[in-house]
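One structure is given here, and the rest of the page talks about it.
A note on names: the letters A, B, ... follow the listed sequences, proteins ahead of strands, and every chain is numbered from 1.
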Amino acid sequence: MTPLLLYIVFGAFAAAVIAPLLVRWFGDRASAVLAIVPASVVGIVFFMLGPPPDGLLQATIPWIPSLGIDLSFWVDGLSIIFVLLIAGIGTVVLVYAGAYLHDHRDLGRFLTWIMVFMGAMLGLVTSGNLLTLFLFWELTSISSYFLIGFLHDDAASRKSALQALLITGAGGLSLLAGFILLGSAVGSYELSAILTSGDAFRSSEWYLPGLLLILIGAFTKSAQVPFHFWLPNAMAAPTPVSAYLHSATMVKAGVFMLARLHPVLNGTSEFHVLVGTAGAATMILGAVSAFGQRDLKRLLAYTTVSALGTLVLLLGIGTETAVQAAMVFLLAHALYKGALFLTVGIVDHETGTRDVESLGGLWRMMPMTALAATLAALSMAGLPPMLGFIGKELLYEAKLAAPWAPWTITALGVTANILTVAVAALMTLRTFGGASSSVRTAHDPSWQMWGGVALLASLGFAAGMAADLVATHIVGPATTAIRGERVETSLGLWHGVNPVLLLSLATLASGAALYALHRPIRRMTAGWRPWKAERAYDAALAGMLASARKQTLWLQSGQISTYLALTLLATLLLVGLPILAFWPQLSMVVAMDLALLPTVIAGMMAIAAFLAVRAKTSLGSIIALGVVGYGIAVLFLLYSAPDLAMTQFAVETLSVVLLMLVVAKLPEFRQMGSRSTRLWQAGLAGAGGALMTLLVLFVTAEPARMTLATFYGEASYALANGRNIVNVILVDFRGLDTLGEITVLGIAALGAVALLRLVVDKEDGR
Amino acid sequence: MNLLILPVLIPLAASIITLFARRSIALQRSVHVVSSLASLAVSVLLLGRVWSGGIQVLEVGSWPAPFGITFVADLLSALMVSVTAVVSVAVAVTSLGSIDAAREKFGYHGFILVMLAGVNGAFLTGDLFNLYVWFEVLLMASFVLMTLGNERGQLEGGMKYVTLNLMSSALFLAGVGLLYAATGSLNMAELASLVGRPEHSAIVPVVAMMFLVAFGIKAAIFPLFFWLPASYHTPPPVIAALFAGLLTKVGVYALLRVFTLLFHQEAWLTHTTIVVIAGLTMLTGVLGAAAQTDIRRILSFHIISQIGYMILGLGLFSPLAVAGSVFYIVHHIIVKTNLFLVGGVVERLHGTGSLKSLGGLYRSSPLLAGLFLIPALSLAGVPPLSGFWSKFILIKAGLDLEAMLVTGVALLVSLLTLFSMTKIWAEAFWKPLPEGAPVRRSLTTWERWTLLGPIAGLALITIAIGLGAEPVFAAASRAAEQLLDPQGYIQAVLGGRP
């Protein structure tokens, strides 16, 4: 089985690599050639893996075992339903895209990214390891970024792409942290261990933070309130992308995650409340916002938001019926919404507009498209015998039987569905029906485009008619996988007259009424934004940038004196910290043992240093610094280091002479900075000096350990044949230091030459 | 044969050869490339030897430790030297197509080689004062490279660079002096066995902080990083690329070394401080980048932010966290050098790195666009590239230790890094070239090979580290084990001696 599983995931990635080449060879038809890949995946699932078993397929390829990360596959009923959606709709979208992006110069890139996305999505739903799952999860966000920004000459496209990436990216990071917590609580990242871990996670102290983090990840991806706003904006992408990523598959990844981890997350009141509330809010908000839209794509996008809310709500309810309803609705929604998005693409392609208000009467010009779209809309409205009808029935059943707040949930659900019915009517009747509008020249596109719509819509019809087959082979195994126990599923169109059916009828009637009144109501609700989440995003982004600028201006001021002052301040604070912490021990060892002569010399040096700072001319301060240097030499003498003293005298004399020669060519001193600045800098410098003094007092309190000195004394002549110990240290014991220092001097000299003589020709350079 | 000295000796000897070949630029170039390849071969051999044979030691001049200078290669050192060799080969090749004849005539190749000798010396020495010497070597060589060409910006940036780094040197030297006065030793292994004595218990953490500041300046941590954004955008891009990859990492290496080998007795104080600084470094660095609109300036601030991640692992101080630091350093050197190299090509094509005057590169240079995406996405921590694993390990280590706040910061910073990378992408690659922007030139065949070749090579390594993370992680974990076990180091250097 492993090669087949590898093909399912990596076939698409391999195809992504060669996509540009295929475009070069086959032109527009390259997309149809690429469609072979997902089509074969559907074939494999149907014919080679057989009807999805209740059991599952597993395979593990070691990858980074030390971190517990392996390339594992876990294919159960839940994976299968998603694989079918991803590969099935992927096939349709690919065939469609070739015609839609006919002769587009970036078709190759487009196909590459869409294949990367497909592979990532297939990997996501078949992963058996949380971390590899996360890897694919991030890849879907990245490929979505490149696809939303496909029309990147347009600033709005770039902005929407970034927004989607940041929102889903933030969610991704949250998810990663959640996964790590979950993995630590269970002791493994393997689904095989996690899904069978029982209450290990729920009873751990990491449950609530872990749950929250995972939910943020799922909610951002699946556009739940308050993260929903990126999805309508993502409509900047070409329509095949909207149909595929932002309606049928990627946005369902969050739903998939909730379903996948249902056995370990579900069952606590936190889970029900958090997931249920988010889902319900999203469901109603999406439906309400959809109704006022003029742009067909945004209109559909908001109904997608609503549908995602419904799915999340159902998983939040978490009962067997609810989960089953979620799976049926998932399937139904993907089929009709994919079809309708592709329809909008056709309308846009043929008429050049997506504005509901300026469209109408298209059925005469594009009958095939109109027919197929109407079929899809019937499923959306939940009319029998479409799969959408069965979905809605189950949905009501689950909501009515919800363990908490069933009436509120049902009421919200019915409202959302009424709006959905009205939108479905709006979408078809206003576009295809009615009197013809300004558009005159439109006609049905090539079969590659309307064929896809027709196929998806008919599948919604066929699935409704053959509901029982769908139940046994697709919905049942998926529900079983989510519930973690065997669930017998049967679906049918007719369940007799019961409350659910009555609710359905009421929904349809109210939806029809709402459509009848849609003009005034739409006028009222147009531009109505019940949530200001996007403003929060904009404000956060702007705030981040503003504080970034402020911080950078303050820290990176360009003034070297400020840099030095801050560095010194940091030194004082950081070194001061342990001095304070260990003051009791440190203060014990400080002993001042002052001899007269050194004290006098030190005093003179201090005065000279002060004069060097106060000097009015540079000459004065150089001479004062010379005095400090000579003082050091005298101290060396006093502490019986005559050769050091000699060196110091020589160096000091040379520096004073050289500096005087240089200074003669420099401008005179000027007072820079205000009095207060100078005072503060003086204080800082003084504190620095005090710190060093203190440190020296600390370390000299104890008698020095003489091992090295003793060795050098003994070995200098005996082993190294040199009487002058300092010389032997320099050239033998520590000769490598000297080599380094010589190198420093050599480089400095060569650098000085370059500094004086090198002139770079601007044209030649860089 | 003992390999330890070769990573220093080869570039040093090569630089001397270039010194005597001032008139023949062709010879200088060949010496540069050939010696870089030789260093790479030697480094990999050394890595293999350390991997199979444990810590390698060389007593220079045969003076026994602790009396002479000792070179020590544990896994961390060997890894650092190897990665250095990889980027130095990339830089050598890029130099062939991008450095002007005037700079070459005045010793460009020799300066680069001396700097590499200094870097390798710092990675390999086991003597604290000798470490100071190598720091001086690389500081002087890098300062000369920074200002080589005498362009106005270079001199201004170079002044800030050298002034603040000399402050670091002064603090470092003072720290060495204090430590020597207290313990009477410079040999790191011997120091490691002495600092734990009760009479040093109070002074050692104080001196530790001196080293934190001194190395912190080198590593460009908060609030000591000013020199980096002030200077990295000024020299020719290939020089900046080498600096970006290596210089700060020498500081990080030194921090890793001393805060695992010497200063770990009072970790509650020292390492907690490092964690706090790590958080602030990540945050200020990434915010600094968000405020920039020039490719190299953006990338420069990101170095700072990522130094935060590297020292975060050190501060958290668990085996996994330290392994995370090591992994992060290896990944970062490759990726950061590469991004600067890409930035260099963009500057060469358009004559500017300012995002306002750039655009259209996705169409005009699709190959470059692809080559940019790999290190950029890796830097942002997108799986399965190398940056993701480094980030993952550190975040896991942070969560394991329940260091929630700083882990949260690390996650947020990773998002902002993604923001910065997409900013470069959207502005330079996606956006159409603005009206009135400087005219774009194209690359000659020679330039294509010498500039894009190394970029492609480094990008492949990034992918390889990502897909083959297991061996790299195994090496990082073993390096971390060695670091957290000072006894092994002491034993290797001093043997049975006290």
Side-chain angles (χ1 to χ4, degrees), chain A residues 64 66-67 135 138 142 149 152-153 158 162 165 169-170 173 177 180-181 545 548-549 551-552 555-556 560 563 566-567 570-571 574-575 578-579 581-582 585-586 695 698-700 702 704-705 707-708 711 732-737 740-741 743-744 747-748 750-751 754-755 758 760 764-766, chain B residues 60-61 63 67-69 100 102 106-107 114 129-130 133-134 136-137 140-141 144 147-150 160 163-164 167 178 181-184 199 202-203 205-206 209-210 212-213 223-224 226 229 236 269 284 287-288 290-291 382-384 396 399 411 414-415 418 422 426 430 432 469-470 473-474:
Chain A
I64 316 175
S66 337
L67 287 171
L135 185 161
E138 290 291 85
I142 295 288
H152 51 80
D153 287 346
R158 299 197 297 270
L162 177 67
L165 182 68
L173 292 168
I180 293 176
L181 292 182
L545 286 172
R549 266 183 227 111
Q551 172 223 285
T552 312
L555 273 177
Q556 205 67 28
I560 194 158
Y563 297 164
L566 285 174
T567 307
T571 314
L574 285 171
V575 182
I579 293 184
F582 294 96
Q585 287 128 288
L586 288 169
L695 290 175
F698 292 151
V699 294
T700 49
E702 292 279 321
R705 185 168 157 274
T707 333
L708 282 188
F711 173 83
D732 199 342
F733 293 130
R734 301 190 63 93
L736 196 60
D737 286 342
E741 291 299 343
T743 311
V744 172
I747 291 294
L750 290 170
L755 212 50
L758 169 58
V760 172
D764 181 35
R766 279 191 276 173
Chain B
V60 181
W63 293 109
F67 306 112
I69 291 169
D100 49 287
F106 278 87
V114 171
F129 183 77
N130 193 239
V133 171
W134 294 121
E136 290 298 281
V137 170
M140 187 49 75
V144 170
T147 53
L148 190 65
N150 297 336
K160 286 168 189 159
T163 309
L164 290 162
M167 185 141 170
L178 292 169
T183 64
E199 66 263 32
I203 190 67
V206 179
M209 288 303 197
M210 293 282 285
L212 178 59
V213 176
L224 307 163
F226 315 107
L269 181 71
T284 45
L287 286 176
V382 172
K396 169 144 176 53
L399 290 176
L411 286 168
S414 143
L415 184 68
L418 185 60
T422 54
W430 260 358
E470 175 71 18
F473 177 68

Exercise for the section: Grab the two heavy atoms, one from A:Phe582 and one from B:Ala202, that are nearest each other, plus how far apart they are. Expected result: CB-CB, 4.0 Å
Exercise for the section: Keeping the roles fixed (side chain from B:Glu136, backbone from A:Gly740), state whether a donor-acceptor pair exists under 3.5 Å. Expected result: no
Practice task
Measure distances from A:Leu758 to the heavy atoms of chain B and classify the residue's part below 4.5 Å as side chain, backbone, both or neither.
Solution key: both
Exercise for the section: Could you look at A:Ala754 and say if it's the side chain, the backbone, both or neither that has a heavy atom under 4.5 Å from chain B? Expected result: both
Exercise for the section: Could you tell me whether a side-chain N or O of A:Asp737 sits under 3.5 Å from a main-chain N or O of B:Val133, the two making a donor and an acceptor? Expected result: no
Fill in the blank from the handout: With chain A, the option among B:Val144, B:Asn130, B:Leu212 that has the most non-hydrogen atom pairs under 4.5 Å is B:Asn130
Fill in the blank from the handout: Counting heavy-atom pairs under 4.5 angstrom with chain B, the leader among A:Ala704, A:Ala170, A:Pro578, A:Gly751 is A:Pro578
Practice task
Could you label the plane-to-plane angle of the B:Trp63 and A:Phe711 rings as parallel, tilted or perpendicular, counting under 30° as parallel and over 60° as perpendicular?
Solution key: perpendicular
Problem - Contact origin within A:Leu545 toward chain B - heavy atom pairs under 4.5 Å - result: side chain
Exercise for the section: Below 4.5 Å from any heavy atom of chain B, which atoms of A:Glu741 appear? Answer side chain, backbone, both or neither. Expected result: both
Problem - Nearest non-hydrogen partners of A:Arg705 and B:Gly184, listed with the distance - result: NH1-O, 3.4 Å
Exercise for the section: Please work out which of the three classes, parallel, tilted or perpendicular, describes the rings of B:Phe226 and A:Tyr563, given edges at 30° and 60°. Expected result: parallel
